[in-house]
Amino acid sequence: MRLSKMLVPTVREVPSEAVAESHKLMLRAGYVRQLAAGLYIYLPLAWRVMTRINRILREEMDSIGAQEVSMPVLQPAEQWQQTGRWSDIKEEMFRLKDRGGRDMCLGMTHEEIMTWLASREIRSYKQMPQMWYQIQTKLRDEARPKSGILRTREFLMKDSYSFDSSVEGLQRSYKLHEDAYHRIFTRCGLKFYQVESDTGMMGGSVAHEFMAVSEAGEDEIVLCASCGYQSNVEIAGSVPSSAVIDPPAPEGGNGIGENEKTGEEVHTPDKRTIEEVSRFLKERPERFMKSILLIAGDGPVLAIVRGDQQLHEKKLQRVIGPFRTANKQEIKDILGVEAGFIGPMGHGDMSIIADPALRVGSYITGANKPHYHRRGVTAGVDFKAAWHDIHVAREGDLCPKCGSPVKIEKAIEIGNIFQLGTKYSQALHAFFLDEAGEEKPIIMGSYGIGPARIAAAAIEQNHDKDGIIWPGNIAPFDVEVIPISADEPEVEAAARRIYEELAAAGVEALIDDRDLRAGVKFKDADLIGIPRQVIVGGRNLKEGLVELKDRRTREIRKVSPQEAVAILKEGISSACESGGGA
RNA sequence: CGGGGCGUAGCGCAGUCUGGUAGCGCGCACGGUUCGGGACCGUGAAGUCGAAGGUUCAAAUCCUUUCGCCCCGACCA
């Protein structure tokens, strides 16, 4: 491809609005342009990257026996109503009516439609397993599109669905995807982790996410270096470091220190938050209990975490179902005390959920009396609670499996896999007859990958101050040929010859044939980030040499044009085998 | 949904507080000199100041409404 003919609008400046590094670089290097919030135009370079990512996706999906299909983006409400998601999902779904007034929606994922298809076409256990996938546009009316291409309202997704006649079959399909995903992300040159995850709106039991480590990521993952435990913080168990019971519990005691007067009430005028009371009483936040009143479906619930902990709403939601926080008036009405001085004691048979960190020891908490807190409150003595891990895991907490300190990293979710079970097949009557002639629901899995997120994550993980450094397998081109001082016809001719030989050898090359100064070409080449450059300049050429430059290391080898072509040809074919990732 | 910020030339921004000739850089066009890390000189084209309404002799600037975009949070009693 000739750069002079291509739409690659590189710019020197980028709006201060762009925050994520991948976003800035994609704008600057002429990969994307924004149409509206969460809607992006992929220019030729970006689209080539997407094409290459999708090629890898297709190869790996095909290799596990999945079959590509194409599904409507515009869908009738009916199937969504049958599974209940028509009402479960709220503003996130784009809805519309057709001219006949029928409710329709734009597909945000395709469980309903895939399952509907399966319900019509699969009747016997003999027809399974089946795996169907598509690479198509999904639409979600995101509350807050952000970070360029990372969270958009319209995006490409590779989604596949497995249909099995047994749980073992599902597990095989799941494993096949798991392994394929590892190959995909490795080939894409990403550093990633597979973590345990929440099933969210998908339903089902087992789920994993594939996470590319990046500051721009919206998720946090818990990693244990010693036993390999890896989990999204949304579900990660963790044991808060216990060095907080201070002074240490006496032998056989319950953690109450000797200078701790059980039940003592202390005047804490207008000190409501943990931070305020902690400073006022000169006690560390870990010595407090934090009580949070919530309104769940079955009535009020009091959630208790340690003063230094954060309540994790998603964890709690798994215990008590959907809930909201109580407002000030409700707190007064239900607990008879104003916010800020709530304690877990004496609330009759109200449901209390407490984090296990509070099982041992005694703590300071609200006295259920305005402007007073109480010392020495002990679980089991002063109140009874159901114990559930409801706190947010933090760096330095201990691994729930092996007890070593865990690390927390921000990450971009680039893929997910769900064991759905029969949620959708039951709802949509996707049944089959088994060996015994018995009717059973198809057992399903669903598996997603966001190609744009792969691209963005690759940039997040591979760039320097000058621009992008694409992993070889997903770069828009394999090589950029850069003729310098184009006035000299020999230079131009030599560059052209190299470019043509590369093309003939199956190496995808871009040639910067623009009539521009060397500096501009070098800057643009580094920005655009094609991993290898061949620089053809007058002086070197007189000695029969060109420069072969590695974008990442900036290492330059002077070789003859023939050698350059040979090396590049070799490099590409060997790079296809391995990606070079985590 | 809540909070904050920003809409001025194709792009990036200043000007708004304190009303009075719309500016800078990049880019673009033309001419010349240059030509291995975003060259230089000269000339030039290009703006309904997001939109609507209002105040005023006079509005990019003040007031009201509205649309769009970005960021933070979705609350921790």
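Computation of the quantities below employed the complete heavy-atom set of this structure, encompassing side-chain atoms and omitting hydrogens, waters and symmetry-equivalent molecules. Residue numbers begin at 1 in each chain, while the letters A, B, ... track the order of the sequences. Not measured: the values here are computed from a predicted model.
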Between atom [atom1] in [X] and atom [atom2] in [N], what is the gap in whole Å?
{"X": "Lys523(A)", "N": "C26(B)", "atom1": "NZ", "atom2": "P", "result": "17 Å"}
{"X": "Asp512(A)", "N": "G36(B)", "atom1": "CG", "atom2": "C1'", "result": "13 Å"}
{"X": "Arg153(A)", "N": "C69(B)", "atom1": "CZ", "atom2": "P", "result": "6 Å"}
{"X": "Lys521(A)", "N": "C35(B)", "atom1": "NZ", "atom2": "C1'", "result": "11 Å"}
{"X": "Asp524(A)", "N": "G36(B)", "atom1": "CG", "atom2": "P", "result": "17 Å"}

With heavy atoms under 4.0 Å as the rule, sort [X] into base, sugar-phosphate or nothing.
{"X": "Arg28(A)", "answer": "base"}
{"X": "Asn540(A)", "answer": "base"}
{"X": "Lys90(A)", "answer": "nothing"}
{"X": "Val19(A)", "answer": "sugar-phosphate"}
{"X": "Leu35(A)", "answer": "nothing"}
{"X": "Glu547(A)", "answer": "base"}
{"X": "Ala36(A)", "answer": "sugar-phosphate"}

Would you mind telling me which of Thr268(A), Asn368(A), Thr365(A) makes a side chain to side chain donor-acceptor pair (under 3.5 Å) with His373(A)?
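Checked Thr268(A), Asn368(A), Thr365(A) against His373(A); only one passes side chain to side chain donor-acceptor pair (under 3.5 Å): Thr268(A).
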Identify the two heavy atoms, one from Val49(A) and one from Ala455(A), that lie closest to each other, and give their separation to 0.1 Å.
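Smallest heavy-atom distance, with atoms named: CG1-CB, 4.1 Å.
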Establish, from distance only, whether the side-chain atoms of [X] and [Y] form a donor-acceptor pair under 3.5 Å.
{"X": "Asn540(A)", "Y": "Glu543(A)", "result": "no"}
{"X": "Glu413(A)", "Y": "Asn232(A)", "result": "no"}
{"X": "Thr152(A)", "Y": "Glu154(A)", "result": "no"}

What nucleotide, of [options], holds the atom closest to the side chain of [X]?
{"X": "Lys290(A)", "options": "C26(B), G36(B), C76(B)", "answer": "C76(B)"}
{"X": "Gln34(A)", "options": "C69(B), G37(B), C26(B)", "answer": "C69(B)"}
{"X": "Asp526(A)", "options": "G37(B), G38(B), G36(B)", "answer": "G37(B)"}
{"X": "Ala37(A)", "options": "C69(B), G36(B), C71(B)", "answer": "C69(B)"}
{"X": "Ile292(A)", "options": "A77(B), C26(B), G36(B)", "answer": "A77(B)"}

Classify every nucleotide of nucleotides 1-12 of chain B by which part a protein heavy atom approaches to under 4.0 Å, writing B for the base, S for the sugar-phosphate alone and - for neither, in 5'-to-3' order.
----------SS
Could you identify the nucleotide paired to C40(B), looking across every strand shown and requiring Watson-Crick or G-U wobble geometry with both distances under 3.5 Å?
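Checking every strand shown, C40(B) finds its partner in G32(B), with both distances under 3.5 Å.
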Ignoring backbone atoms, test whether Arg517(A) places a side-chain nitrogen or oxygen under 4.0 Å from the OP1 or OP2 oxygen of G38(B).
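No, no such contact exists.
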Taking only distance into account, with no hydrogens and no angle test, what donor-acceptor pairs under 3.5 Å do side-chain atoms of residues 6-15 of chain A form with protein atoms, sequence neighbours excluded?
unit_1   : atom_1 : unit_2    : atom_2 : d
Thr10(A) : OG1    : Asp524(A) : OD1    : 3.2
Thr10(A) : OG1    : Asp524(A) : OD2    : 3.4

Toward the 5' end of RNA chain B, by each residue's nearest nucleotide, Leu541(A) or Ile342(A):
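Checking each residue's closest nucleotide, the 5'-ward one belongs to Leu541(A).
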Closest nucleotide of RNA chain B for Arg539(A) versus for Ser147(A): which of these residues is on the 5' side?
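Looking at the nearest nucleotide for each, Arg539(A) comes out on the 5' side.
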Flag if over 12 foreign heavy atoms under 6.0 Å of CZ, Arg557(A):
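Incorrect, the count does not exceed 12.
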More than 12 heavy atoms from other groups under 6.0 Å of CZ on Arg539(A):
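Count not over threshold, so no.
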